[in-house]
Amino acid sequence: MSETLSTARPLRARRRIPTRTPGRASGAGAARGRLGSPGSSLLWAAPALAFVGILLVYPFFRSVYGSLFADNGFTSEFVGLDNYVRLAEDPILGRSLINTVMWVAGTLLLPVAVGLLIAVATYRMRLGNLATLVIVLPYAISGASTAVVWKFMLTSGGAVNQVLGAVGLESLAQPWLLEWPQNTLSLIVAGTWQATGINVVLFTIGLRAIPRDIVEAAHLDGVSGWSMFRHITLPQLRAMTVVVVGMAIVNSLKAFDLIWVLTQGGPSRSSETLALTMYREAFRLFHVGYGSAVALVLSVIVVAASWLYLRRQMPGGTRD
């Protein structure tokens, strides 16, 4: 009986497990090792590094070198740090710095705050997406086109003064672009109209990323209204706020097209920012070396402001 069972039971073939000799890799493994080596990683990154070097690194060091010369585009003479001494003594620089600071403060207080309020207000509205689309549309318009629209509105006989006169508020009509500081403040309002849209989009994305269970738990605890915004919504939007404020700082420091089309920095260079001062000196007055010095100062301010802000906001950063 046992012999019959033993003969009826099929014999299982023993599966041979492939072995690999230590220290010897297969062809595919060796290929993967070669592709993942530091040398191959550097090879893949070379185009991106070359792109950054050509467009960013070389122009920066070329500006540093050019700022040491008195260069008018035709002749060049080494003057050392004379351009920086002249920059420190230039009375126009003080006004440019004040206007630049006003731009930074205005684009932080207005577009960021207004964008946050609109995003929170329209997030759960029935027609919230349509309202967001209308607000975002100005961001799709170029800065030059935005400036043309606002120049039609802000000139002495423009739409704003005409509306004020039509409703009996002639006393409030002003030459909005002809006197300081209202020309700079008017430019900030025009910039706010264009920049608010992208902030609304970013804050809306941040609102959608808030975990639903946190909001529901807050509702169960009786939290609503201002308390909900202050203690739940605003802390959850911290990461997105870092991005929005960082973008606002950089964009405000390098603002150019809107200001140039509306006022060209005038009248009498009263609405110039550092970006316009650099452009005027280098490309209009052909003081290339002096313009390079202004550009270098502006670059240092942009990098320093961005680094200080991000250092304070990132995890582990120091806060007062």
In Å and rounded to the nearest 0.5 Å, what is the CH2 to CD distance from W180 to E272? 14.0 Å

Measure the CG-CG distance between L234 and L116 for me, rounded to the nearest 0.5 Å. 6.5 Å

Take L56 and F51 through the test side chain to side chain contact (heavy atoms under 4.5 Å, CB included) and record every step on the way to the result. CA-CA 8 Å; L56 295 178; F51 189 77; over 6 Å; no

Same cluster (ILVMFWY, side-chain, under 4.5 Å), I98 and I259: yes

Please tell me whether N83 and S67 have a donor and an acceptor in their side chains that are separated by less than 3.5 angstrom. no

Between D257 and S142, is any pair of side-chain heavy atoms under 4.5 Å apart? no

Do L117 and V120 belong together in a cluster built from hydrophobic side chains that touch within less than 4.5 Å? no

Rounded to the nearest 0.5 Å, how far apart are CG of L276 and OG of S96? 8.0 Å

Evaluate whether atom CZ of F229 has more than 12 neighbouring non-hydrogen atoms of other residues, nucleotides or ligands under 6.0 angstrom away. yes

Counting neighbours of CZ on F78 that are heavy atoms of other residues, nucleotides or ligands and sit closer than 6.0 Å, is the number greater than 12? yes

When rounded to the nearest 0.5 angstrom, what is the spacing between CG in D90 and CD in E281? 6.5 Å

For the hydrophobic clusters of this structure (ILVMFWY residues joined by side-chain heavy atoms under 4.5 Å, transitively), does one cluster hold both W260 and W103? yes

Validation: residues 201-220 side-chain donor-acceptor distances under 3.5 Å, sequence neighbours left out:
residue	atom	partner	partner atom	Å
T204	OG1	V200	O	2.7

For residues L298 and I92: do they belong to one hydrophobic cluster (side chain heavy atoms under 4.5 Å, members Ile, Leu, Val, Met, Phe, Trp, Tyr)? no

For the side chain of N99 and the backbone of S270, is there at least one donor-acceptor N/O pair under 3.5 Å apart? yes

A side-chain contact here means heavy atoms from C-beta on lying under 4.5 Å apart; do T196 and P111 qualify? yes

Test of understanding: clusters of I, L, V, M, F, W, Y form through side-chain heavy atoms closer than 4.5 Å, transitively. Do V114 and I141 belong to the same one? no

Checking side chain to side chain contact (heavy atoms under 4.5 Å, CB included) for the pair L93/L274: CA distance, chi angles, key distance, verdict? CA-CA 8 Å; L93 178 66; L274 286 176; 3.5 Å; yes

Return the OG1 to CH2 distance between T233 and W226, rounded to the nearest 0.5 Å. 10.5 Å

L177 CG to S271 OG distance, which is reported to the nearest 0.5 Å: 8.0 Å

Could you tell me whether the side chain of L68 reaches within less than 4.5 Å of the side chain of L81, counting heavy atoms only? yes

